[in-house]
Amino acid sequence: MEDEVDRLVAAWRAERPDLDVEPLHVLSRVSRLARHLDRARRAVFAAHDIESWEFDVLTALRRAGEPYQLSPGQLLRATLVTSGTMTNRIDRLQAAGLVQRHPEPQDKRGVLVRLTAAGKTRVDAAFSDLLNREHELLSGLSATERDNLTVLLRSLLIPFDADASVRSPTTRSP
């Protein structure tokens, strides 16, 4: 069975036989898959009236566990944005009733951002639908194939994640 990447690679081999185009077999497929995943995610988020940046912040809070709160600094590390951007995002999420700010008990100058009941409901529904859609995207693979792909992709990503953590003290959690 041939796909679009096979045709692309064949065309490049014909046009540039002097180049090793082997990386295209993997990375062009990863790139194309990322675009399909991005479209699927945008569709799920739109169905829940949520932007991807909102999803990032709300899921960071949701993963924190009860009482679903983090400091703005912890949210910065989880989402890899600047403090000004995070302040703007928290303001917008608070205006939408999805988060609240609360005083930090140990530091009177600090605040904690807490997921509201409406925020929890919204992010839980969006996450559930996203997982359903992602299961559909992977349905052509057996469990063993998914496991093998997980190992291979992890091997590809680890050096990038390690490099990012060396350059920046803030790393994004899965």
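Contact check on R7 versus E2 returns a salt bridge, with a Lys/Arg side-chain nitrogen under 4.0 Å from an Asp/Glu carboxylate oxygen. For the pair R29 and D3, the salt-bridge criterion is met [side-chain N within less than 4.0 Å of a carboxylate O]. Salt-bridge annotation for R101 and D91: present, with a side-chain N of the basic residue lying under 4.0 Å from a carboxylate O of the acidic one. A salt bridge is absent between K120 and E66: the closest approach of a Lys/Arg side-chain nitrogen to an acidic carboxylate oxygen does not fall below 4.0 angstrom. Contact check on R41 versus D129 returns no salt bridge, with no Lys/Arg side-chain nitrogen under 4.0 Å from an Asp/Glu carboxylate oxygen.
A donor-acceptor distance shorter than 3.5 angstrom exists from the side chain of E145 to the backbone of S142, with no hydrogens or angles considered. Within the 3.5 Å criterion, the main-chain N or O of Q106 finds a donor-acceptor partner in the side chain of E104. When atom types are taken as modelled, the side chain of R122 and the backbone of A117 share no donor-acceptor pair closer than 3.5 angstrom. With hydrogens and angles disregarded, no donor-acceptor distance shorter than 3.5 Å links the side chain of S128 to the backbone of D124. R114 contributes no side-chain N or O that, together with a main-chain N or O of Y68, makes up a donor-acceptor pair within less than 3.5 Å.
Linking ILVMFWY side-chain heavy atoms closer than 4.5 Å, directly or via other members, places F45 and L137 in two distinct hydrophobic clusters. Linking ILVMFWY side-chain heavy atoms closer than 4.5 Å, directly or via other members, places F55 and L37 in two distinct hydrophobic clusters. Note on L157 and V151: separate hydrophobic clusters, where clusters join Ile, Leu, Val, Met, Phe, Trp and Tyr whose side-chain heavy atoms are under 4.5 Å apart, directly or indirectly. Hydrophobic cluster membership differs between I158 and V30, with clusters built from Ile, Leu, Val, Met, Phe, Trp and Tyr side chains linked at under 4.5 angstrom.
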Should V5 and R32 be marked as a side chain to side chain contact (heavy atoms under 4.5 Å, CB included) after you check the CA-CA gap, both sets of side-chain angles, and the distance that decides it? CA-CA 9 Å; V5 173; R32 292 173 67 84; 3.5 Å; yes
Mind running side-chain hydrogen bond (donor to acceptor under 3.5 Å, both in side chains) on T82 and T85 for me, showing each step along the way? CA-CA 5 Å; T82 65; T85 298; 2.9 Å; yes
Would H48 and V44 count as a side chain to side chain contact (heavy atoms under 4.5 Å, CB included) if you check the C-alpha gap in whole Å, the side-chain angles of each, and the deciding distance to 0.1 Å? CA-CA 7 Å; H48 291 276; V44 167; 4.1 Å; yes
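Residues D6 and M1 have side chains not in contact (no heavy-atom distance under 4.5 Å, counting atoms from C-beta outward). Residues V113 and S71 form no side-chain contact, since every pair of their non-hydrogen atoms from C-beta on lies 4.5 Å or further apart. Within the 4.5 Å cutoff, no side-chain heavy atoms of R13 are placed close to those of P17. E136 places a side-chain heavy atom less than 4.5 Å from the side chain of R133. P103 places none of its side-chain heavy atoms less than 4.5 Å from the side chain of V111. Between L98 and R92 there is no side-chain heavy-atom pair separated by less than 4.5 Å. The side-chain heavy atoms of Q69 and L115, taken from C-beta on, include no pair separated by under 4.5 Å. Residues T87 and P72 form no side-chain contact, since every pair of their non-hydrogen atoms from C-beta on lies 4.5 Å or further apart.
Expressed to the nearest 0.5 Å, how far OG of S83 lies from CG of L75 amounts to 12.5 Å. The CZ atom of R42 sits 7.0 Å away from atom CZ of R39, with the distance rounded to the nearest 0.5 Å. The distance from atom CH2 of W12 to atom CG of D20, rounded to the nearest 0.5 Å, is 14.0 Å. A distance of 12.5 Å separates CG of L33 from CG of L27, quoted to the nearest 0.5 Å. To the nearest 0.5 Å, the span separating CZ on R146 from CG on L149 amounts to 10.0 Å. Here the CG-CG distance, from L141 to N148, works out to 10.0 Å after rounding to the nearest 0.5 Å.
Between A60 and L70 the shortest heavy-atom distance is O-CD1, 3.6 Å. Of all heavy-atom pairs spanning T59 and D56, the tightest one is OG1-O, 3.2 Å. Of all the heavy atoms in V81 and L76, the pair that sits closest is O-CD2, 3.1 Å. Listed here is the closest heavy atom pair of L112 and P105: CD1-CD, 4.0 Å.
For F127, the CZ atom is loosely surrounded, since the number of other residues' heavy atoms within 6.0 Å does not exceed 12.
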